[in-house]
Amino acid sequence: MNINGLTRTIGLIGNPVEHTLSPVIHNNISKRMDIDSVYVPFRVEADGLDKAINGAYELNILGLNVTVPHKNAVKEFLVDIDGAARDIGAVNTLVRDESKHGYKGYNTDYMGLERQIKEDGIELSGRTVAILGAGGAAKAVTYMCIKNGASKIYILNRTIDKARQIAEDMYGLLNNDTSLYNSFCDSSKETDKDNMLIKDIVVDRISSKEYIIPISLNDNNVITEDNLIAFQATSIGLSPNIDKVVIEDKEFYKKIAVGVDLIYNPATTKFMKLVNENGGKAYNALKMLLYQGVAAYELWHKISVPQEIIEEVYLELKRSVYPKDNIVLIGFMGSGKSTVGKALAERASMNFIDSDEYIENKAGMSIADIFEKMGEDEFRRIETETLIELRDNLSNTVLATGGGMPLRRENAILLKEIGRVFYLTAANRVIYDRVKEDTKRPLLFCDDPYSKICDLMKERRPLYEKACDVKVDTNSNDLEEVLAAIS
Ligand code: ATR
């Protein structure tokens with residue numbers, strides 16, 4: 001990072017801010033897009049909020065995220081507020097407005113959730129929704145569900161008055177705020193049943209106040225609909241209390257087709273497990289975290305972050321939230337992945353897996369036979385399938401991979417999700433000397449294996465470099481030196 005006189009500051013105000021993941025998002029986008037800005041967390045006490053915001057403006061800070069406990073209080077100190085943030089009643093992003101000499105507030109939490117559910121293919125239009133919780137997060141979820149045309153919304157909370165309050169606030173908006181009403185009408189779908197429009201049904205429900213239904217968590221059995229989309233918006237189930245969930249009753253989960261937990265740590269919450277066990281599809285909200293950050297970044301820098309960069313940043317984010325203790329070795333055949341991997345595993349009391357052997361056991365035939373009988377494409381497909389399996393199950397393991405493994409972009413991403421990736425490098429001639437006697441290398445079944453190695457290396461080297469975290473030179477053939485470079 002090169003900080004200079006032109007570097008712009010962006011950041012976060014909240015209390016506490018020590019565990020925030022936002023720097024991972026923003027500083028990675030800046031680095032990858034070569035944008036000269038730096039993201040810094042600032043701990044701000046409640047009674048110093050006004051001074052912090054005025055001071056930030058005077059310090060020429062480009063923009064700020066706002067987190068607990070300031071998301072509501074901050075509204076007082078803004079020069080403008082975006083419609084959705086005003087409706088939801090919470091602001092998590094401040095964007096500098098020179099013309100008004102202050103900051104405009106936005107709610108990118110809501111934008112992030114909307115973008116996540118679109119990306120995950122969750123269609124809210126015409127669907128019945130159940131929201132667990134009635135805090136700030138639940139309010140943003142309710143707003144998003146209305147905006148995207150949900151046909152009925154249950155809000156379930158321990159303290160029913162809070163659920164009632166959200167319902168009242170939303171009815172107020174639907175009756176007085178044409179923008180929410182219009183986007184709801186635009187999004188709600190036609191149904192061919194009796195030629196009725198869901199929209200008409202819901203408009204009736206809105207007027208009779210039967211559209212948003214507050215209920216106590218214990219009364220969840222009053223929900224008669226199934227095929228629900230459910231959002232878990234309470235703090236229950238968050239790590240380390242991973243065995244907790246606000247509703248245990250299996251009958252409730254049988255009614256859920258899709259469940260989204262706003263918690264992302266652990267990656268699979270108890271709520272998500274219960275949704276899965278009862279036949280539904282479950283998602284956590286790590287992408288919401290990612291996209292609320294991307295949305296803020298785009299507002300501050302007035303740019304659009306390319307999807308490829310978003311995917312890379314998502315990977316970094318995953319690695320920060322769910323750090324893996326595995327080591328992955330990549331490189332050309334003969335670069336020493338098996339030898340180094342086995343020695344490393346033994347020294348560090350780790351397990352060792354060779355992905356080629358793993359695939360051979362799984363397929364019940366040798367790699368050479370898979371190539372011959374099924375073709376290279378099928379082999380590559382099996383490799384990807386295997387990596388997904390390994391990503392979800394491996395820990396404390398050294399994984400040595402087949403030479404072609406990181407060539408597919410999706411495999412390269414999966415390898416980084418599995419662990420820290422080391423690229424074992426060696427000169428073409430060194431590799432040739434190491435493999436020339438080996439009869440089990442289908443790619444070298446040709447008249448001039450050395451030229452084949454040179455051709456393949458030319459193509460593969462940049463891909464290996466892109467797929468790795470660390471490069472390790474093995475030309476010396478000195479195992480100790482290589483092990484020292486890895487551990
Ligand atoms: P946020 O702004 O992140 O949504 P919040 O406003 O503190 O956070 O809301 C937390 C949610 O978790 C609320 O719905 C809360 O229920 P209450 O309104 O009844 O307090 C819910 N919650 C917290 N602890 C709970 C518990 N032990 N059992 C059930 N719900 C709980």
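Note that ligands are numbered from 1 as they come in the structure, with each ligand's atoms numbered from 1 the same way.
- Phe184 CZ to Ile146 CD1: the interatomic distance, rounded to the nearest 0.5 Å, is 8.5 Å.
- Considering NZ of Lys471 and CD of Glu465, their distance stands at 3.5 Å, rounded to 0.5 Å.
- Between Tyr297 and His301, the two ring planes are parallel [angle under 30°; tilted spans 30° to 60°].
- At least one donor-acceptor pair under 3.5 Å links the side chain of Thr269 to the backbone N or O of Met272.
- Relative orientation of the Tyr103 and Tyr57 rings is perpendicular, given thresholds of 30° and 60° on the angle between their planes.
- For the salt bridge (charged side-chain N to carboxylate O under 4.0 Å, His left out) with Glu385, the lone residue among Arg380, Arg408, Lys362 that qualifies is Lys362.
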Once you restrict both partners to nitrogen or oxygen, which atoms of ligand 1 have a protein partner under 3.5 Å, and how far apart are they?
from     : atom 1 : to     : atom 2 : distance (Å)
ligand 1 : 2 (O)  : Gly136 : N      : 3.1
ligand 1 : 4 (O)  : Gly136 : N      : 3.2
ligand 1 : 4 (O)  : Ala137 : N      : 3.0
ligand 1 : 14 (O) : Ala134 : N      : 2.9
ligand 1 : 14 (O) : Asn157 : OD1    : 2.7
ligand 1 : 16 (O) : Asn157 : OD1    : 3.2
ligand 1 : 18 (O) : Asn157 : ND2    : 2.7
ligand 1 : 18 (O) : Lys162 : NZ     : 2.8
ligand 1 : 19 (O) : Arg158 : NE     : 3.0
ligand 1 : 19 (O) : Thr159 : N      : 3.0
ligand 1 : 19 (O) : Thr159 : OG1    : 2.4
ligand 1 : 20 (O) : Arg158 : NH2    : 2.8
ligand 1 : 27 (N) : Arg158 : NH1    : 3.2

